[in-house]
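Take a look at the structure set out below.
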Amino acid sequence: MNDVILSRIAEALIWTGRYVERADATGRILDAYLHRMLEDPWRDEDAACRSLYAILGMDAGGQPCDMQRVLDQLAFDARSTASIEGALGAARLNARSAREAVSSEMWECLNSTWHALADQRLAARRTGPYAYLELVRRRAALFFGLADSTMSRDDSWRFVVLGRSLERVDMTVRLLSVRVLDAAHAPDWPTLLSASGADEAYARLYGGFGDTPRVAEFLLLDRDFPRSALHALTTAEECLTALGRPRQDPARRPIGRMRTRLEYLDLHALEEQLPLLLRDLQTACMASAEAVAERFFPYQGPVEWAQEGAGR
Amino acid sequence: MADIFDAYALADAWDEMFERPGEVRTAYEPVLAALQPIEPSELRFRADQMARTFTDRGVTYAFAGEERPWPLDLVPRILDALEWDLVQRGVSQRVRALEAYLADAYGPARAFEDGVVPWRLLLNSPHFHRAAQGIEPVGGVRIHVAGIDLVRDEQGDFRVLEDNVRVPSGVSYVIENRRAMTRVFPSLFAEQHVLPVDGYAQKLLAALRAAAPDGVQDPRVVVLTPGPNNAAYFEHALLARLMGVQLVEGHDLVCRGNRVWMRTTRGEVPVHVVYRRLDDDFLDPLHFRPDSVIGCPGILGAAMAGHVTLANAVGNGIADDKLLYTYVPDLIRYYLSEEPILPNVESFRPDEPGQLEAVLDQIDQLVVKPVDGAGGQGIVIGPKADRETLERTREAVRKDPRGFIAQRPVALSTSPTLAGERMAPRHIDLRPFAVNDGSDIWVLPGGLTRVALQEGNLIVNSSQGGGSKDTWVLAEGPAEPPPPAPGTAPLDIAPRQHGPDGSPTVVQEGAQQ
């Protein structure tokens with residue numbers, strides 16, 4: 001009987017996917033940074049933290065930054081969807097308002113995660129944030145694993161996966177942007193790879209740590225690595241193809257265009273093209289997300305409270 | 001060994017488990033045998049674990065603005081086959097009579113002409129909606145779902161406490177309670193032959209589909225909820241999910257040309273049956289409260305035009321008015337020519353000549369209830385009220401006799417309930433749920449047993465801090481195992497394959513498979 005999805009539900013699903021992916025990616029980035037800073041005591045904590053803020057598109061403000069402040073704002077702040085806790089809270093509220101569309105196991109995963117976060121946050125004050133960040137990573141993996149194993153491959157599932165894919169491109173691009181635009185204060189390549197969960201996959205392919213073009217090539221263009229921009233774009237495009245019918249789909253066009261551009265990119269020109277490419281990738285994802293909203297959720301309803309700034 | 005029932009002192013009421021101290025009722029023997037050897041701390045542990053599961057699964061309710069795990073007590077409430085037969089017949093009879101009353105009140109009004117029920121009862125009712133007049137319900141069903149509240153009195157007889165035929169809620173907790181109990185005490189179920197409760201959603205869906213407007217081949221059913229902030233949202237979502245239908249909010253629907261559509265990613269799709277979990281007042285701002293933002297403008301017009309079925313029907317409130325309640329035994333005799341199977345609690349109508357004085361005189365011995373109160377609000381229990389409250393109540397009843405009924409207090413039956421680390425008697429009631437598909441009224445075996453968690457308290461509503469119990473209806477006689485199907489061929493199942501076991505021992509002869 002659920003052959004169609006309510007527009008409101010579709011919107012909740014896409015944001016559930018986005019927010020869980022955002023929490024996961026943010027957790028990975030924080031983990032990689034923290035680890036790096038412990039390993040390298042000579043690093044400039046303030047500058048490193050500022051580059052973190054820059055990656056996540058947030059204003060670091062005038063006062064000096066340290067890791068505790070970063071954690072408070074980027075991990076534990078339940079009021080901001082830019083933080084892990086805020087993103088997971090918003091994912092939970094969205095999944096809750098779509099409870100007959102997501103499977104019970106997915107909802108329970110988000111709900112129990114939300115309840116577990118509070119305890120883990122308290123523990124983080126004593127023993128450091130690693131257990132907290134690991135919990136986030138595991139639960140995100142569990143959530144998407146449950147989506148894959150308990151949801152039919154219908155439109156509901158596609159909206160969840162579409163949200164995850166668009167967010168994934170966005171986060172990968174953000175990571176690379178800082179390195180490319182502000183190399184002095186950016187994380188080094190190993191940190192960056194591990195922040196993408198890509199260090200082992202990269203090492204298997206190239207056998208060691210490389211230079212800008214190589215790492216960028218991997219994170220942008222690798223066909224097989226699921227967090228690469230190309231892979232995520234391809235997945236997003238597949239979802240949009242299955243969801244849409246019009247030939248000139250304004251949601252699919254920017255994604256498809258970027259995907260082809262990446263596929264046929266001249267690798268020698270990659271490094272010099274990088275700044276432009278990253279900006280275009282981000283623009284394409286935003287344009288696509290807007291077109292999806294316009295096409296599938298064509299009304300302004302009081303659902304918006306669940307979308308942004310979802311407080312408790 | 002410590003025994004959790006050691007300190008169990010029977011209260012001044014019918015006890016569900018014990019006939020007299022130390023003498024357990026037959027139906028409860030296996031449960032007592034299973035519970036007794038459990039250490040108190042172990043019992044507490046299981047209770048806490050269950051609470052955590054409820055929290056994780058989101059089976060919670062709002063109490064004083066806080067999200068609390070649904071309170072389920074570990075001791076089940078048990079009804080044997082005979083008891084249940086009575087309850088089931090009584091509930092179904094009650095629903096049939098109320099259906100007949102609704103059809104009459106919104107139609108020929110015979111009962112009023114014949115003097116069974118006074119006209120003013122209908123005309124004064126805040127729930128009498130002229131808008132509902134002239135809606136001819138499919139299959140004659142206005143009460144698709146009913147929840148009839150029962151209590152057991154001092155003699156152990158079931159009595160009806162009130163009827164809920166508008167938007168009765170709580171059935172999700174029946175389903176969740178059972179699910180939780182089978183996890184905490186799996187072995188008990190294997191021995192007991194408890195009738196299952198998980199068929200509810202399918203029965204409900206079948207009834208809702210049967211209620212679709214004539215001529216609709218494959219009706220689309222939706223559940224209409226006020227949204228995630230509603231206290232019963234969990235239930236709305238569960239029912240939608242179990243039925244496999246959409247859970248919609250008011251703004252997901254749009255009415256045009258007296259038809260109802262819902263907004264989907266593939267355009268607007270027609271809707272035929274709305275199982276609405278909103279009160280009449282909020283349903284349609286065009287007819288009722290214009291400030292309602294959770295309803296759907298025009299939905300009542302579509303229902304009147306016969307293009308969409310609202311379940312339950314609009315205007316049912318005239319049938320579960322507490323004053324009407326006092327007439328239901330008469331209605332059963334009048335419409336069905338039957339004697340009531342389940343008696344009412346003895347009640348007085350202050351608005352009837354002569355009764356007002358009687359009520360005012362003995363108000364300290366009666367329970368006074370506002371006729372349209374819900375969730376146990378506004379109830380004054382005379383024997384327990386102080387002078388001031390009694391005086392205030394007396395004044396309120398004198399001013400508005402139509403607004404109250406008075407009842408003899410009933411000492412609700414008690415059931416052993418975990419209080420701290422001991423068992424203590426607590427008062428309980430029972431809300432069985434009935435589903436009417438137009439040809440049959442089906443009563444879910446069991447129902448919601450609510451517990452007043454404070455000692456001596458008689459009000460069991462969860463909004464007043466009450467708990468709940470899993471309600472077991474025992475099947476008649478031991479269930480026979482199904483006979484093996486004749487002539488079945490032996491199963492042809494391939495053996496499982498195994499890969500290398502990863503042990504470092506070198507295998508000499510070929511690769512293991």
Side-chain angles (χ1 to χ4, degrees), chain A residues 1-14 92-116 118-119 152 154-156 158-159 162 242-245 251 292-306 310 312, chain B residues 51-60 65-67 69 172 176 179 201 205 208-209 218-223 225-230 233-254 261-273 293-294:
Chain A
M1 274 203 152
N2 264 319
D3 48 339
V4 290
I5 328 175
L6 292 171
S7 298
R8 174 176 56 82
I9 300 293
E11 188 169 20
L13 291 174
I14 208 172
R92 171 178 175 261
L93 286 181
N94 275 287
R96 181 168 182 234
S97 71
R99 256 179 90 169
E100 96 290 9
V102 300
S103 71
S104 305
E105 290 181 61
M106 289 163 73
W107 150 251
E108 281 161 38
C109 167
L110 286 182
N111 193 44
S112 59
T113 302
W114 175 251
H115 289 295
D119 285 346
S152 284
D154 56 9
D155 284 358
S156 297
R158 289 186 192 108
F159 277 108
L162 177 63
L243 284 170
R245 284 170 310 284
V292 166
E294 207 165 294
R295 160 119 186 267
F296 293 111
F297 335 128
Y299 66 101
Q300 298 293 310
V303 285
E304 285 194 308
W305 62 270
R312 277 261 286 177
Chain B
R52 194 163 46 247
T53 323
F54 279 142
T55 305
D56 282 350
R57 295 169 42 78
V59 187
T60 54
E66 201 187 306
E67 214 179 314
S172 58
E176 286 297 331
R179 196 198 291 235
L205 181 61
L208 293 171
R209 286 174 67 93
D218 185 17
R220 183 177 291 280
V221 176
V222 299
V223 176
T225 174
N229 293 328
N230 185 273
Y233 179 73
F234 164 74
E235 173 155 317
H236 309 158
L238 181 81
L239 291 177
R241 205 169 54 236
L242 292 181
M243 291 194 287
V245 306
Q246 268 89 10
L247 178 66
V248 304
E249 295 175 16
H251 53 93
D252 293 323
L253 299 178
V254 55
W261 310 79
M262 62 178 186
R263 299 178 161 112
T264 79
T265 56
R266 308 215 166 205
E268 290 174 358
V269 173
V271 169
H272 306 105
V273 181
V293 291
I294 53 176

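Note that the coordinates shown come from a computational prediction; the quantities given were computed from them, not determined experimentally. Quick note on labels: first sequence line is chain A, next is B, and so on, each numbered from 1.
At least one side-chain heavy atom of B/R220 sits under 4.5 Å from a side-chain heavy atom of A/V4. Contact annotation: the side chain of B/E249 never approaches that of A/L6 to less than 4.5 Å [non-hydrogen atoms, C-beta and beyond]. Side-chain contact between A/I9 and B/Q246 is absent, with no heavy-atom pair separated by less than 4.5 Å.
Going from atom OG1 of B/T265 over to atom CD1 of A/I14 covers 11.0 Å, rounded to the nearest 0.5 Å. The distance from atom OG of A/S7 to atom NE2 of B/H251, rounded to the nearest 0.5 Å, is 11.0 Å. Here the straight-line distance linking atom OG1 of A/T113 with atom CG of B/D56 works out to 8.5 Å at 0.5 Å rounding.
Qualifying salt bridge (charged side-chain N to carboxylate O under 4.0 Å, His left out) partners for B/R57, counting only residues two or more places apart in sequence or in other chains: A/E108, B/E176. B/S172 pairs by the side-chain contact (heavy atoms from CB on, under 4.5 Å) definition with B/F234, B/E235, B/L238, not counting sequence neighbours.
Per-residue counts of heavy-atom pairs under 4.5 Å with chain A were compared for B/T225, B/L247, B/L242, B/L239; the largest is that of B/L247.
Interface remark: A/A98 contributes backbone atoms only to the contact with chain B (heavy atom separation under 4.5 Å). For A/L110, no part sits under 4.5 Å from any heavy atom of chain B, backbone or side chain. Only the backbone of A/V102 comes within contact range of chain B, with at least one heavy atom under 4.5 Å from a heavy atom of that chain.
The two atoms that bring B/A237 and A/R99 nearest to each other are CB-CB, 3.9 Å, heavy atoms only. The shortest non-hydrogen separation linking A/S104 to B/R241 is OG-NE, 3.2 Å.
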Please step through side-chain contact (heavy atoms from CB on, under 4.5 Å) for the pair B/V223 and A/E100, ending with a clear verdict.
CA-CA 10 Å; B/V223 176; A/E100 96 290 9; over 6 Å; no
